Amino acid sequence: MLTEDQVAHYHRDGFVVPDYRIGDDVLEELCAAHARLVARHPEYADYCPSVLEYDLAFLNVARDPCILDMVAQVLGPDFALWNMSLFAKPARTGRRTPWHQDGEYWPIRPLATCTVWLALDASAPENGCLRVLPGSHRPRRLFRHVTNPDPALTLSQELIDADCREEDAIDLVLERGRMSLHDVFLAHGSEANRSGRPRRGLTMRFMPLTSVFDRALAEELHRSKGVRNHADRTLFLMRGTDRTGRNDFRLRW
């Protein structure tokens, strides 16, 4: 579990890198699942927005008791998994992810999520590791974003106005199997991968069940901002109970 200092670091800076590491056997299973996914859907070689729609084998790692214990320390006892994505930066061709806040296009109200970012490959500046702006989450609000349709980017929503400086960015260097946790309001991004090493990151998105996953809002965000439509995401109850009584846990695939 996270130490008291690590929990304080998460709340102060918006992220934390735990001491925990996933075992090699689990990593091999995840890499095999990713290979199956790309073989069937080569369009997802760079980025798959919802791996659970195609292979529920990815769900096993999100049920890891140690990961759930850490999420409970920062979110509280009642939470659900609402999505898992895979951000793969193939060697030499991996695209850049612009600075952004996840909550800009997520239909959760009140807006709250802890993302667990798991390194399937060693992740460093040379191959496009995750970069974060410490403390950018503290205002608890979304900064201004614009739509950038550049095909060299993995996301079209780019942050252009934030109460922080890019020179303060920190590279989250992770060994294979290590992970980071970050807050929904934290500004982050990553550079392109021009190295000869791939960089795959699996994300697990956990929301507290004091919030509602609003499917009507997901449709509206899709229409108004042109972002991906999250209305068909399946919520998986991971710990506790739904405190709102309004979340829909029906399987949607």
Side-chain angles (χ1 to χ4, degrees), residues 9-17 46-50 74-75 82-87 89 94-117 123 125 128-172 180-193 199 201 203-208 210-233:
H9 189 283
Y10 179 89
H11 291 300
R12 181 186 68 244
D13 290 345
F15 72 96
V16 69
V17 177
D46 275 9
Y47 167 54
C48 181
S50 180
V74 299
L75 285 188
W82 69 267
N83 194 38
M84 295 181 69
S85 302
L86 209 151
F87 293 84
K89 291 182 185 287
R95 294 180 292 165
R96 181 172 74 89
T97 299
W99 290 108
H100 67 284
Q101 292 167 294
D102 294 330
E104 172 68 10
Y105 50 94
W106 286 355
I108 297 166
R109 297 296 184 270
L111 188 55
T113 287
C114 170
T115 292
V116 177
W117 199 103
S123 182
C129 67
L130 190 67
R131 307 187 76 211
V132 301
L133 292 172
S136 53
H137 70 302
R138 289 180 203 154
R140 309 310 294 169
R141 66 180 180 87
L142 296 175
F143 301 117
R144 190 157 65 97
H145 291 66
V146 296
T147 299
N148 185 344
D150 186 346
L153 301 176
T154 61
L155 296 175
S156 61
Q157 297 297 304
E158 183 170 13
L159 187 153
I160 61 169
D161 179 27
D163 295 339
C164 47
R165 302 178 304 170
E166 187 170 341
E167 54 264 36
D168 294 330
I170 291 177
D171 294 315
L172 296 191
S180 62
L181 281 66
H182 70 259
D183 182 85
V184 68
F185 288 103
L186 184 74
H188 60 286
S190 61
E191 296 299 321
N193 181 11
R199 192 234 68 179
T203 60
M204 297 163 248
R205 316 287 196 182
F206 297 95
M207 57 171 277
T210 49
S211 292
V212 174
F213 192 84
D214 189 333
R215 300 184 189 278
L217 176 59
E219 298 278 4
E220 195 279 326
L221 288 170
H222 174 63
R223 289 191 300 269
S224 64
K225 293 180 177 288
V227 298
R228 188 169 299 277
N229 192 343
H230 290 290
D232 62 351
R233 299 286 177 255

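Sequential numbering from 1 along the given sequence is applied to the chain's residues. What you see below is based on every heavy atom in this structure, not just the backbone, and it leaves out hydrogens, waters and symmetry mates. Keep in mind that what you see is a predicted model, and the values were worked out from it rather than measured.
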Would a 4.5 Å heavy-atom cut-off, applied to side chains only, mark [X] and [Y] as touching?
X: His182; Y: His137; value: no
X: His100; Y: Tyr105; value: yes
X: Glu219; Y: Leu217; value: no
X: Asn83; Y: Ser50; value: yes
X: Pro49; Y: Arg233; value: yes
X: Phe185; Y: Ser136; value: no
X: Pro98; Y: Asn148; value: no
X: Lys89; Y: Ser190; value: yes

Could you give the distance from [atom1] ([X]) to [atom2] ([Y]), rounded to the nearest 0.5 Å?
X: Phe87; Y: Thr97; atom1: CZ; atom2: OG1; value: 6.5 Å
X: Arg144; Y: Ile160; atom1: CZ; atom2: CD1; value: 3.5 Å
X: Arg223; Y: Asn229; atom1: CZ; atom2: CG; value: 8.5 Å
X: Met84; Y: Thr203; atom1: CE; atom2: OG1; value: 7.5 Å
X: Asp46; Y: Leu86; atom1: CG; atom2: CG; value: 11.0 Å
X: Asp102; Y: His188; atom1: CG; atom2: NE2; value: 3.5 Å

*If only atom types and distance count, is the side chain of Arg96 paired as donor or acceptor with the main-chain N or O of Ala192 below 3.5 Å?*
no
*Hey, does the side chain of His222 reach the backbone of Val227 with a donor-acceptor pair shorter than 3.5 angstrom?*
yes
*Candidate pair Lys225 and His145, rule side-chain contact (heavy atoms from CB on, under 4.5 Å), full reasoning*: CA-CA 10 Å; Lys225 293 180 177 288; His145 291 66; over 6 Å; no
Please report the closest heavy-atom contact between [X] and [Y], naming both atoms and the distance.
X: Asn193; Y: Arg199; answer: ND2-N, 4.0 Å
X: Pro134; Y: Leu186; answer: CA-CD1, 4.5 Å
X: Ser85; Y: Tyr47; answer: CB-CE1, 4.2 Å
X: Arg95; Y: Leu153; answer: NH1-O, 3.0 Å
X: Gln101; Y: Phe143; answer: OE1-N, 2.8 Å
X: Ser180; Y: Leu130; answer: OG-CD2, 4.1 Å

*Below 4.0 angstrom, N of the basic side chain to O of the carboxylate: do Arg138 and Asp183 qualify?*
no
Sequence neighbours left out, cut at 3.5 Å: what donor-acceptor pairs do the side chains of residues 110-117 make with other protein atoms?
| unit_1 | atom_1 | unit_2 | atom_2 | d |
| --- | --- | --- | --- | --- |
| Thr113 | OG1 | Trp82 | NE1 | 3.3 |
| Thr115 | OG1 | Arg205 | NH1 | 2.8 |

*What about His9 and Phe15, are their ring centers closer than 6.0 Å?*
yes
